[in-house]
2 protein chains.
Amino acid sequence: MAVTIKDVAKAANVAPSTVSRVIANSPRISEKTKEKVREVMKQLGYHPNFIARSLASQATRAIGLVLPSSTDIVSQNPFFPIVLGGLSDGAHSKQYALHMTTGKTEEEIFEGVVSMVQGGRVDGVILLSSRVEDPLVSYLLEQDFPFVVIGKPFKNVEQITHVDNDNFKAAKDATNYLLSLGHEQIGFIGGNLNLVVTVERLLGYEKALRDAGLPLINEYVIHDEFLREGGREAVQALLALKKLPTAMLVADDLMALGVLNALDELGISVPEDVSIVSFNNVLVAEMARPPLTSVDINIFDLGYEAAKSLIQKIENPKEPTKRIIIPYELVKRSSCAKPTKKTLTL
Amino acid sequence: MAVTIKDVAKAANVAPSTVSRVIANSPRISEKTKEKVREVMKQLGYHPNFIARSLASQATRAIGLVLPSSTDIVSQNPFFPIVLGGLSDGAHSKQYALHMTTGKTEEEIFEGVVSMVQGGRVDGVILLSSRVEDPLVSYLLEQDFPFVVIGKPFKNVEQITHVDNDNFKAAKDATNYLLSLGHEQIGFIGGNLNLVVTVERLLGYEKALRDAGLPLINEYVIHDEFLREGGREAVQALLALKKLPTAMLVADDLMALGVLNALDELGISVPEDVSIVSFNNVLVAEMARPPLTSVDINIFDLGYEAAKSLIQKIENPKEPTKRIIIPYELVKRSSCAKPTKKTLTL
DNA sequence: TTAAAATATTATTACGATATAATATAATTA
DNA sequence: TAATTATATTATATCGTAATAATATTTTAA
């Protein structure tokens with residue numbers, strides 16, 4: 001089988017524990033024997049067994065990832081590969097690996113995380129999205145297991161290290177931008193309401209309107225999935241009103257693309273008839289016709305910082321709870337213009 | 001600490017080995033004691049320790065993933081989240097987890113895989129792309145470690161289980177489609193030439209032209225990265241010719257998008273002036289303006305089958321080498337038309 | 001009724017490392 | 001030089017489970 005620490009010990013004429021110390025580069029071993037042992041390790045092609053090491057040291061150097069249950073969203077929305085890139089970078093820089101379990105239902109995912117945690121497969125966990133009343137969060141808190149949330153936790157904000165944008169303010173800014181162009185009928189198309197990010201952006205949108213002294217029109221607020229289809233469906237819903245807003249704040253680029261497509265099919269042009277601001281600023285925002293004005297939330301950094309701060313927490317249990325706010329920026333393109341009419345009647 | 005098999009044994013008044021047998025549902029334990037032990041496990045909230053189990057059984061129930069070194073491509077090209085979805089589904093159905101190490105350079109990745117393999121962290125490995133002269137393939141073959149390649153292996157095809165499309169034929173078909181429309185000046189924009197998929201598609205393209213009795217024009221073949229920027233750059237390169245082909249076969253949707261953008265900026269319209277067929281049929285193909293005719297290669301299935309066949313190989317070492325060909329389909333949209341001129345002179 | 005066979009359970013070892021306690025050796029001090 | 005301290009190395013226990021070998025118990029057959 002594979003060459004073990006014992007084989008090295010035998011070949012180098014030292015005790016296994018000495019070899020172990022050499023691997024850990026313990027100062028209690030003389031340079032001379034270190035050299036000797038290292039030489040033998042190289043000769044025999046020794047590689048430490050992670051599993052055995054994990055068992056003995058009670059640490060795996062692996063981070064568990066919890067993805068949302070909807071495979072569609074994970075595999076279609078560019079948000080995920082980008083955070084994954086950031087996570088991967090952050091983990092790699094500290095020599096941690098990423099470990100994923102998946103499940104089709106909420107229950108399967110929950111069970112997967114439980115067995116990952118209790119089974120000692122990972123040293124910590126990152127939740128890639130923050131959900132309202134997430135039982136996983138309660139579980140992890142209860143277990144006092146290291147974890148970090150990407151997004152704003154629904155409750156216990158002070159006890160949970162998280163990496164987030166100021167989505168409230170971002171949405172307020174974005175709405176203000178539309179207001180500044182002269183729009184007064186502004187719709188909001190958000191994601192699932194059990195996602196905290198949706199709630200935050202909605203609140204920011206409402207605040208901006210209220211500050212501007214404009215009424216909140218319930219019918220102008222639509223929720224659907226963070227997918228292109230979600231955007232299309234949102235437009236369908238608005239159509240029923242027979243009166244479209246002149247601008248829309250869309251909580252996701254992919255949704256915005258759906259909105260764009262649906263409007264296009266209806267012969268409604270952007271930005272002449274309707275202005276659109278969306279969120280995330282992924283590649284599709286730039287490629288859409290017209291290119292979308294979008295709030296860049298620095299997705300990569302969300303992942304990167306999440307990995308970093310989780311590792312800090314793993315390596316130092318006394319590490320204080322942190323809240324890391326990643327900056328955002330409104331990237332202006334050509335999906336917004338001054339309104340031509342007050343409202344758009346069909 | 002966590003409750004172990006010993007705690008359960010003590011509480012149930014049986015030996016630890018009996019508990020282990022109950023977990024494995026061994027027929028050598030009576031139903032009566034099984035019930036008793038299970039009851040206790042539930043009461044104590046027992047969860048098996050994966051690490052200890054892995055060490056004893058020499059199996060981890062984890063699959064290692066090897067992503068390409070370019071983080072850009074992984075995080076930007078929709079191919080990856082989609083395969084990942086398939087992999088994840090396939091692994092999950094057999095209760096396997098996914099494990100990823102990453103690296104910035106080829107060497108780091110190689111080292112990551114070696115330590116994953118030798119360190120016993122995973123039971124098998126999936127290579128998400130097939131590269132020309134990939135040292136990883138040599139290494140894994142040498143080690144006789146279970147692995148599956150997504151794509152066609154560069155050599156030793158008969159010894160390596162792989163999941164692939166018939167990219168040669170797909171490219172030939174796609175080219176024939178353009179030929180059937182009347183195009184005679186057809187360019188090829190492919191990815192990096194050290195990717196086997198690029199080579200295969202290029203060969204298919206060339207075969208189609210040769211079969212049609214058309215000359216192969218070197219200047220019409222360009223290679224760049226599987227990114228939008230790659231597409232833009234390819235167009236730049238073609239521009240230098242002062243004579244554009246009337247149709248282009250682009251090996252990736254994202255690249256095609258770049259091509260589209262670049263052409264748009266030049267005032268060249270698709271499909272009136274130039275027809276485009278691309279590969280992958282990811283969401284962007286449908287959303288591009290104009291929507292792209294693209295070869296759907298069923299990315300999800302590539303991942304799903306790869307995971308399935310790797311697991312088969314892991315669980316039965318005598319499993320024969322397999323070659324799994326996932327079907328493709330040319331999805332016609334509006335990026336192709338009959339040529340208006342023989343060549344496009346700038 | 002007893003020996004043999006089948007069934008059920010337990011004791012022990014192994015997996016490959018780390019960590020702690022125990023020694024051996026070298027260096028320092030009195 | 002002996003006693004003490006510092007340094008280097010080794011022996012042993014441990015992590016939590018699975019697998020194999022060893023018993024104990026029950027059932028069947030003679």
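All of these numbers come straight from a predicted model, not from anything done at the bench. Below, read A as the first sequence line, B as the second, and so on, with proteins coming before strands; counting in each chain starts at 1.
- If you check every strand for non-hydrogen atoms under 4.0 Å, A:Thr4 touches sugar and phosphate atoms only.
- Annotation: the span from B:Phe226 atom CZ to B:Ser129 atom OG amounts to 9.5 Å, rounded to 0.5 Å.
- Nearer to the 5' terminus of DNA chain C, by closest-nucleotide assignment, is the contact made by B:Leu55 (compared with the other of A:Val19 and B:Leu55).
- Between the CE atom of A:Met41 and the C1' atom of C:dA17 there is a distance of 13 Å, rounded to whole Å.
- Spacing between atom NE2 of B:His47 and atom C1' of D:dT17 amounts to 16 Å, rounded to whole angstrom units.
- A close approach under 4.0 Å does occur between a side-chain nitrogen or oxygen of B:Gln58 and OP1 or OP2 of C:dG16.
- Checked by atom type and distance alone, the side chain of B:Thr161 never pairs as donor or acceptor with a backbone atom of B:Val148 at under 3.5 Å.
- By the 4.0 Å N-to-carboxylate-O rule, B:Glu315 lies close enough to B:Arg61 to be salt-bridged with it.
- Heavy atoms from other residues, nucleotides or ligands lying under 6.0 Å from NZ of A:Lys34 number more than 12.
- Using a 4.5 Å cut-off on side-chain heavy atoms (C-beta onward), A:Phe79 and A:Leu302 make contact.
- Regarding A:Ile51, its CD1 atom lies at a distance of 13 Å from the C1' atom of D:dC15, rounded to whole Å.
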Quick one: what's the B/S/- string for nucleotides 5-10 of chain C, heavy-atom cutoff under 4.0 Å, read 5' to 3'?
-> ---SBB
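- The separation between A:Arg61 atom CZ and C:dA17 atom P is 17 Å, rounded to whole Å.
- A distance of 3.5 Å separates CD in A:Gln118 from OH in A:Tyr139, rounded to the nearest 0.5 Å.
- Here D:dT17 is the nucleotide among C:dA17, D:dT17, D:dA18 with the atom lying nearest to any side-chain atom of B:Ala52.
- Looking at heavy-atom distances under 4.0 Å, B:Phe50 makes no contact with the nucleic acid at all.
- Using a 4.0 Å heavy-atom cutoff across all strands shown, A:Pro16 reaches no nucleic acid atom at all.
- Side-chain atoms of B:Glu133 and B:Lys155, non-hydrogen and from C-beta on, do get closer than 4.5 Å to each other.
- Taking atom CG of B:Asp7 as the reference point, atom P of D:dG16 lies 9 Å away to the nearest angstrom.
- Across the interface with DNA chain C, nearest-nucleotide mapping of A:Ala56 and B:Ala56 shows B:Ala56 to be the residue nearer the 5′ end.
- One atom, CD1 of A:Ile5, and another, C1' of D:dA11, lie 14 Å apart when rounded to the nearest Å.
- Protein atom CD1 of A:Ile23 is 14 Å distant from nucleotide atom P of C:dG16, rounded to whole Å.
- Residue A:Arg53 contributes atom CZ, which lies 14 Å from atom C1' of C:dA19 at whole-angstrom precision.
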